[in-house]
Amino acid sequence: MHWRKSSHSGGGDGDACVEIAELPVGVAIRDSKAPARATLSVPAPAFAAFVEGVKRRPRSGA
């Protein structure tokens, strides 16, 4: 599986984020700080809807 980090990773070494890997029918998600632990797999349409929802959400001042 080819894992890639979010383009919105935190500063420094970018370890405060999630990683994703494309699957034939979905997306696998894992914590970049604990890559050997369990992953979450979701159907591609559900992940796409999640990403669109995040894009529409106003950014906080943090």
Would you list the pairs meeting salt bridge (Lys or Arg N to Asp or Glu O under 4.0 Å) in which at least one residue belongs to residues 18-29, sequence neighbours left out?
-> E19-R30

Steps toward side-chain contact (heavy atoms from CB on, under 4.5 Å) verdict (I20, R4) = CA-CA 6 Å; I20 63 168; R4 61 185 176 96; 3.4 Å; yes

In short, S32 meets C17 closest at the heavy-atom pair OG-O, 2.8 Å

Got a second to check how far K55's NZ is from F50's CZ, nearest 0.5 Å?
-> 11.5 Å

Hydrophobic cluster of M1, others only, ordered by chain and residue number, side-chain cut-off 4.5 Å | W3, L23

Do the side chains of V25 and V27 join up, straight or via other hydrophobic residues, at under 4.5 Å, putting them in one cluster?
-> no

Does I29 reach the side chain of V42, with side-chain heavy atoms less than 4.5 Å apart?
-> yes

